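Below you'll find the structure, written out as structure tokens, and then a few comments.
On a predicted model such as this, the values are computed, not experimentally measured, just so you know. In what follows, every heavy atom counts, from backbone to side chain, and hydrogens, waters and symmetry copies are set aside.
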Amino acid sequence: RQNRSVNFTVKALSKFKVPNIYLPQNTYSTLTFFSMTHPQKWTATFGALLKPPSLKRSVKTIIIHEKYLYPEHDYDIALVQLSNRVEFTSSIHRVCLPEPSQTFPYNIYAVITGWGALTNDGPAPNALQEATVKLIDSDTCNREEVYDGDITPRMLCAGYLEGGVDACQGDSGGPLVTPDSRLMWYLVGIVSWGDECAKPNKPGVYTRVTYFRDWITTKTGI
């Protein structure tokens, strides 16, 4: 916890349009899953604003989970190794990775952040946005009127069954975080997929980080 810099980030792959990792502008429109096998095409930016960013780093390596099959949603996780370490500042913060056995009770509040669309297929902001959602248990999320059995043990739902607050297009790969009793913030989930944005009975679906914690360690030593 005393480490003041980092050179690995954790991302989801589904709808891979992560707001703070960009291709050059002239190739952005042709981005596909297969572009991730060419990390030299990517640049990571940091800070609260998209333009201008506080900091940029080139990408050294992208490690995709071996069981991920594009364009499916299961095993939706990748590790991005940056070319150089990133120093934390007032606008660039770290978050703790949970232990594999760590539990986060359902119905607690969590925070999502990103530069995704403000409404379904709507405009995207330049300033970082945040929203508060609730963790939803998988039995509820697998009900017929919600996701009808599509939620696997590697996924986590968060949002509101009544709709209204959600991640949206462009938020994929971003963090879902929650504090513990010591106000230490943990990465509970990674924005992965959903049915449009903020619809009733269609909460956001996230990659469940605790499921992949040992995999992260085997690939990074972290």
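Here the closest non-hydrogen pair linking Pro105 and Leu135 is O-CD1, 3.7 Å. In terms of heavy-atom proximity, Val146 sits nearest to Pro203 at CG1-CD, 3.8 Å. When every heavy atom of Trp215 is checked against every heavy atom of Ile63, the shortest pair comes out as CH2-O, 3.9 Å. Heavy-atom minimum distance, Pro123 versus Thr119: CD-OG1, 4.3 Å. Across every non-hydrogen atom of Ala78 and Ile62, the tightest pair is CB-CG2, 4.4 Å. Closest non-hydrogen pair, Thr132 versus Tyr160, comes out as O-OH, 2.9 Å.
In terms of modelled atom types and a separation under 3.5 Å, the side chain of Ser91 and the main chain of Ala48 share no donor-acceptor contact. A donor-acceptor pair under 3.5 Å is absent between the side-chain atoms of Arg94 and the main chain of Phe88, judged by distance alone. Checking side-chain atoms of Asn84 against main-chain N and O of Arg57 turns up no donor-acceptor pair under 3.5 Å. A donor-acceptor pair is defined here as one N or O able to donate and one able to accept, closer than 3.5 Å; such a pair exists between the side chain of Thr207 and the backbone of Asp76. With Asn142 contributing its side chain and Asp150 its backbone, the two residues share a donor-acceptor pair below 3.5 Å. Between the side chain of Gln169 and the main chain of Asp121, a donor-acceptor pair closer than 3.5 Å is present. A donor-acceptor contact shorter than 3.5 Å is absent between the side chain of His38 and the backbone of Gln40. Looking at Thr43, its side chain never comes within 3.5 Å of a backbone N or O of Ser58 through a donor-acceptor pair.
Residues Leu97 and Arg213 form a side-chain contact, since some pair of their non-hydrogen atoms from C-beta on lies under 4.5 Å apart. Counting heavy atoms from C-beta on, the side chains of Val188 and Tyr206 never come closer than 4.5 Å. Here the side chains of Cys157 and Thr140 are not in contact, with every heavy-atom distance at 4.5 Å or above. Between Thr178 and Tyr109 there is no side-chain heavy-atom pair separated by less than 4.5 Å. The closest side-chain heavy-atom distance from Leu156 to Leu176 is below 4.5 Å. With a 4.5 Å cut-off on side-chain heavy atoms, Thr89 and Phe46 do not count as touching. When side chains are defined from C-beta on, Pro175 does not count as touching Val95, because their heavy atoms never get closer than 4.5 Å. Side-chain contact between Val80 and Trp42: absent, with no pair of heavy atoms (C-beta onward) separated by less than 4.5 Å.
A distance of 11.0 Å separates CD in Glu72 from OG1 in Thr152, rounded to the nearest 0.5 Å. Between the CD atom in Glu66 and the CD1 atom in Ile64 there is a gap of 10.0 Å [rounded to 0.5 Å]. Between atom CD1 of residue Ile190 and atom CZ of residue Arg208 there is a gap of 12.5 Å, rounded to the nearest 0.5 Å. Between the CD1 atom of Ile77 and the CD1 atom of Ile216 there is a distance of 4.5 Å, given to the nearest 0.5 Å. Rounded to the nearest 0.5 angstrom, Asp74 CG and Met155 CE are separated by 4.5 Å. Interatomic distance, Glu99 CD to Asp214 CG, rounded to the nearest 0.5 Å: 9.0 Å.
Note on Leu118: it does not cluster hydrophobically with Val133, by side-chain heavy-atom contacts below 4.5 Å among ILVMFWY residues. No chain of hydrophobic side-chain contacts below 4.5 Å, direct or via other Ile, Leu, Val, Met, Phe, Trp or Tyr residues, connects Leu49 to Val86.
Between Phe212 and Tyr75, the ring planes lie perpendicular to each other; the angle is over 60°, past the 30° to 60° tilted range. A parallel orientation is assigned to the rings of His73 and Trp193, their planes being inclined by less than 30° (bins at 30° and 60°).
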Stepwise side chain to side chain contact (heavy atoms under 4.5 Å, CB included) test for Thr61 and Lys219:
CA-CA 11 Å; Thr61 308; Lys219 299 298 181 182; over 6 Å; no
Show your working on side chain to side chain contact (heavy atoms under 4.5 Å, CB included) between Ile112 and Asp171 and close with a plain yes or no.
CA-CA 9 Å; Ile112 48 177; Asp171 285 323; 5.9 Å; no
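No more than 12 heavy atoms of other residues, nucleotides or ligands shown are found within 6.0 angstrom of NZ on Lys56. Annotation for Glu144: atom CD does not count as buried by contact number, only 12 or fewer foreign heavy atoms lying within 6.0 Å.
Under the 6.0 Å distance and 45° angle rule, Lys134 does not count as a cation-pi partner of Tyr106.
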